[in-house]
Number of protein chains: 4
Amino acid sequence: MVLRIGVIGTGAIGQDHIHRITHSLTGGEIVAVTDVNSEQAHAVVERESLQAKVYDNGHDLIQADEVDATIVTSWGPTHEEFVLASIAAGKPVFCEKPLATTAEGCKRIVEAEMEYGKQLVQVGFMRRYDKGYRTLKQAVDNNKVGEPLMLHCAHRAPSVTNFSGDMAITDSFVHEIDVLRWLIQDDYVSTQVIQPRRTNLAEEGLQDPIIILLETKKGIRIDTEIFVNCQYGYDIQCQVVGETGIANLPEPPSLQMRSQAKLSTDILVNWKERFIEAYDVELQEWINSTVNGEVHGPSAWDGYVVAVTTDASIEAKQTGKIVPIEMPEQPAFYQDAKAEYTV
Amino acid sequence: MVLRIGVIGTGAIGQDHIHRITHSLTGGEIVAVTDVNSEQAHAVVERESLQAKVYDNGHDLIQADEVDATIVTSWGPTHEEFVLASIAAGKPVFCEKPLATTAEGCKRIVEAEMEYGKQLVQVGFMRRYDKGYRTLKQAVDNNKVGEPLMLHCAHRAPSVTNFSGDMAITDSFVHEIDVLRWLIQDDYVSTQVIQPRRTNLAEEGLQDPIIILLETKKGIRIDTEIFVNCQYGYDIQCQVVGETGIANLPEPPSLQMRSQAKLSTDILVNWKERFIEAYDVELQEWINSTVNGEVHGPSAWDGYVVAVTTDASIEAKQTGKIVPIEMPEQPAFYQDAKAEYTV
Amino acid sequence: MVLRIGVIGTGAIGQDHIHRITHSLTGGEIVAVTDVNSEQAHAVVERESLQAKVYDNGHDLIQADEVDATIVTSWGPTHEEFVLASIAAGKPVFCEKPLATTAEGCKRIVEAEMEYGKQLVQVGFMRRYDKGYRTLKQAVDNNKVGEPLMLHCAHRAPSVTNFSGDMAITDSFVHEIDVLRWLIQDDYVSTQVIQPRRTNLAEEGLQDPIIILLETKKGIRIDTEIFVNCQYGYDIQCQVVGETGIANLPEPPSLQMRSQAKLSTDILVNWKERFIEAYDVELQEWINSTVNGEVHGPSAWDGYVVAVTTDASIEAKQTGKIVPIEMPEQPAFYQDAKAEYTV
Amino acid sequence: MVLRIGVIGTGAIGQDHIHRITHSLTGGEIVAVTDVNSEQAHAVVERESLQAKVYDNGHDLIQADEVDATIVTSWGPTHEEFVLASIAAGKPVFCEKPLATTAEGCKRIVEAEMEYGKQLVQVGFMRRYDKGYRTLKQAVDNNKVGEPLMLHCAHRAPSVTNFSGDMAITDSFVHEIDVLRWLIQDDYVSTQVIQPRRTNLAEEGLQDPIIILLETKKGIRIDTEIFVNCQYGYDIQCQVVGETGIANLPEPPSLQMRSQAKLSTDILVNWKERFIEAYDVELQEWINSTVNGEVHGPSAWDGYVVAVTTDASIEAKQTGKIVPIEMPEQPAFYQDAKAEYTV
Ligand SMILES: [Mg+2]
Ligand SMILES: [Mg+2]
Ligand SMILES: [Mg+2]
Ligand SMILES: [Mg+2]
């Protein structure tokens, strides 16, 4: 059985997903697309040689009979609306981050989904599909380091432009927020933001780097350096310190070179290269589980937790205080949904 | 357009290829299978839920109208026969190694293909599709180490059973023979085999390890340690020493652990894990190029060169001498076929 | 000219220093010793075949004509008294940490030394003499990473016994306090202590690990994990994140092994092994500079800074607050004293 | 007791040894020097502030009453003469390599020493004193890799001038000849030299690199790449492949840097830096053992073995043949002399 997919939003990431579903993955077919820029939608259909209808708007696409499931890759502020419409139509939906632009929006989606009575929503946090993070989670789950006590993380990019102070949290740190609680199966209770000496190589007015300290229910402490003008490369680090040992996220594989008085391996400079395989796995697993009527990936609840943690971290940055992260208990509705994967 | 594939031989590797084409890859469909064990062929069709006809024998399968291309994964001694039949039928064929069990057999295939007038044959040397080897080739091609002068290689496995002395060459070293000449775009002119102190941990009577020394037309010297009872892991090493630097085949990615007084990464123990992704890429690229009427992978000529080099190395092992490797000039027919790939 | 040295306190560290000065280093001679346990002092003289007089007490030793300089390796609470006496006698003194058990005690030493008018005191912070830290400092000084913005450090030991909560600061972290400000040539302005999830493998009642956050005048942020029951080894990490790159303290050299499915190097388990060469360099440089009438190593002022920072960190641990570190400006008297070294 | 040393030859290496004995080591004193360039000898005495008499020639120095032991660091062709004179005088002698310029010369020294009846001669092969090689030997001795079967080695330098083809053997490989047989406690039985594609970056007429293959009595096979114009650094590699695992000579410690899209450590470019500590240890241990009337380091016999192996390798290079290495059995006289050391 082939999953017939409608894509809302044919910008960069939408085009990427259309391309991989059509040319690299198996079991899915793009049958419908729409975009506020209708011309672009048509161009994508042509370029990718899709047998797909171009709809006037997301709502018509969602209602279309030939559409089994939707992918929401439109402008962030429209996500909530289309996800809610998909739920109302009883159709599975894969929504790129953010699930909604506010925690309240996320909460509305959670409530709609629970009322509908069946999980339909998956949020596009691709790091859970990265082979490295999966290997790390497997090591943690298999007790290779004992009980986790601390995580030391870094999220570095060579440089950014048109980047506001909050984006270090909403665009960069948001990935750590999701993947780290999945990694250690724990929830956050507080957040603190430290503002170190500012690099002179950032755009004027941007505080870069920042360090974010999270505390979990079990007392695990997580420090994450976000440094988006680090110059040297795109570099994602995650170290789990447990009772008996330490595990580090693998470095991307690279030739070991001996050249010019250096023994070296390459560091990536392009973020896309770092997680390109994770996107493939993410969408393939979404297709596979959706065909089975299940959601295995990041849920609407996960999207909601991320939104609340993001908001608290922004407040922590503004105030310099340790800010509590208050969330209701995770509903039983979401507790049975388990990610299943093999490394 | 979907490539309709017939598979001759549904043993272990045949089943693997059927599974990956059906469940992981895109653009190919298994429409016909056959095996000397007809029951097994039927069982595979059932288990994989194939829409495929089970043929009585390879020749009927090759002739079948619905078969666009064949995959030969039967018992080695039958390869030549089915490859020749595929050529006679004008159908593209992917043949697992060996192309034929003798150099003469390979030569007959080369001659048949040249007479037919178009390349149809690809041999299953999967290392060319390994991301590590491709990255290494890219570095060499892009002059990252200058002109290559020496290669230091190792091919190690934890242990083997029912392994004869020649198998270190015909089953293990055969992969280096193919991939190294592809890597440096050069041809071999002599081979020498050294028999070091024997490990006590090999089966009685087996000389293990051996070291094979190859010399190329350009004078590049290649030493390869073949050690199939090394105990510690499955470990493929390849170091290119060039005029200005050195590049090493990447280690497979792995968590870096700090545990029990060791800073460590894992070494694989299972050969299949090492090249599992390469097999996927190999078959996907074969499907893609076949649909375009082209052969980009290891050709019949490459299979022939491997057979001649293998024979010379066996003689070198038996005699202790430096044995010349004599090959006719590569026909122009094969010279235009270039592998195209991106890392 | 040979420096004639009197040693006050012939316990473990005192014996080590006596042994290295006598058998490994050059330019110094132990001519006098004393210990509260007079028998032990005599035994050490005999065992090391010293031409040294055993004195009844530290004060007599300090006054002795044949003593050019003193080493204070007695019980911590007696350090202040003997250092002050050495200053009063105008004799150079090398004092193991702590310089005094209180910040006030350290301050009295600073004042006495300034009143005397010439630096005489060196404190035994050996990490400044570790080849790794020196190489790291050289990289920072030579702008290899640009301006330092953050330091990520760890101080881990396999396990401890009879260890109180404050000792993680007074005995372990104290080394980072000294060496990090030397490394970045900056002063601390605040300290915060985080208490992560407690390991079950520590002695009952001991909070382990802790994380200490220091802020410097320039805004550099330092996080140090102190984890003294980490099980896996004695492991000192220091990472300097600068505007253009990152430098890590070298791992101690070790064989790279391929064995039992691991590619590994050793991690030390014994702290003494980690800094054994640093002690040799420290004492050799102390002898050399003392003969020249100079102090190049950690000064009394440095000892005072460490004491104030230690006190503030203990308060931070007890209160959970960010505690300011208030120090008077470093007197000009101490500013000219520069460590001179070559890596 | 201080060892009173006379130094014959105050060129570069002689000056180095004088400096280290005087300023870094303990237990030795330079009391006499001589050089063909008498002015230079006087200048060294002055510069190092030695209490040393300048002798007209080596023979007078050897005879001098105040000289307990000699160091021969004169021009190579004079080594044999001064070593024989030291033996005749019954005085311990440390001779830089070569022990003599011919195997026959070495043999004469061996015979003179045996006739004298007591070991007096140590040859300056400093690699045995390198911490890395010692750690490697300890691993081999402690069965960390099982029985050694193969060694893969490399000896690389950035570039050389005024270098003849034989010097790759007599000046470079000579160090491997000595240290590898010490490492595996075995003797060589044959040698073969391979001449790979020549680098264009060597001086005209110089074949660089070469690969030398040694076989031992136990059947261990050793391949060593000598590449003295490798451009990228001074790099000494030694890998021991044993029945159960593999150990590699440690890389010299270095900062791990993240900079400019590279994760790197430094490779040395200067050979002197690589073994500078080994020289200190070598001379200190020579002083210590000499004071005890013993020789623990490379013996005259070892120097003789090196000369024979060097000659055979030069013949192998010239002829392209596998050349047997024929040595008489090691006399019992030399068998009890064991190196004692701690890592
Ligand atoms: Mg995403
Ligand atoms: Mg294959
Ligand atoms: Mg100390
Ligand atoms: Mg030497």
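Every chain is numbered from 1 and lettered A, B, ... according to where its sequence line falls, protein lines coming before strand lines.
The greatest number of non-hydrogen atom pairs below 4.5 Å with chain B, out of D:E225, D:R156, D:R198, D:Q195, is found for D:E225. Comparing D:D223, D:I211, D:D208 by how many heavy-atom pairs each has under 4.5 Å with chain B, the most go to D:I211. Contact tally against chain D (heavy-atom pairs below 4.5 Å) for B:G242, B:G245, B:C230: the top residue is B:C230. With chain D as partner, the option from B:I222, B:N200, B:I220 having the largest number of non-hydrogen pairs under 4.5 angstrom is B:N200. Your options are B:I322, B:N229, B:V241, B:L213, and the one with the most heavy-atom pairs under 4.5 Å with chain D is B:V241. The candidate from B:P196, B:P158, B:A154, B:A202 with the greatest count of non-hydrogen atom pairs under 4.5 Å with chain D is B:P196.
The contact between B:P148 and chain D is made by backbone and side chain atoms together, counting heavy-atom distances below 4.5 Å.
Atom CG of B:L149 is separated from atom CZ of D:R197 by 6.5 Å, given to the nearest 0.5 angstrom.
Summarising the local packing, CD of B:E203 is surrounded by more than 12 heavy atoms from other residues, nucleotides or ligands at distances under 6.0 Å. Counting heavy atoms of neighbouring residues, nucleotides and ligands inside a 6.0 Å radius, atom NZ of D:K144 does not exceed 12 of them.
Checking D:T244, D:I246, D:V145 one by one against B:Y232, the side-chain contact (heavy atoms from CB on, under 4.5 Å) holds for a single residue, D:I246.
Counting only heavy atoms from C-beta outward, the side chains of D:E243 and B:Q231 never approach each other to under 4.5 Å.
Side-chain atoms of D:Q192 and B:Q192 include a donor-acceptor pair closer than 3.5 Å.
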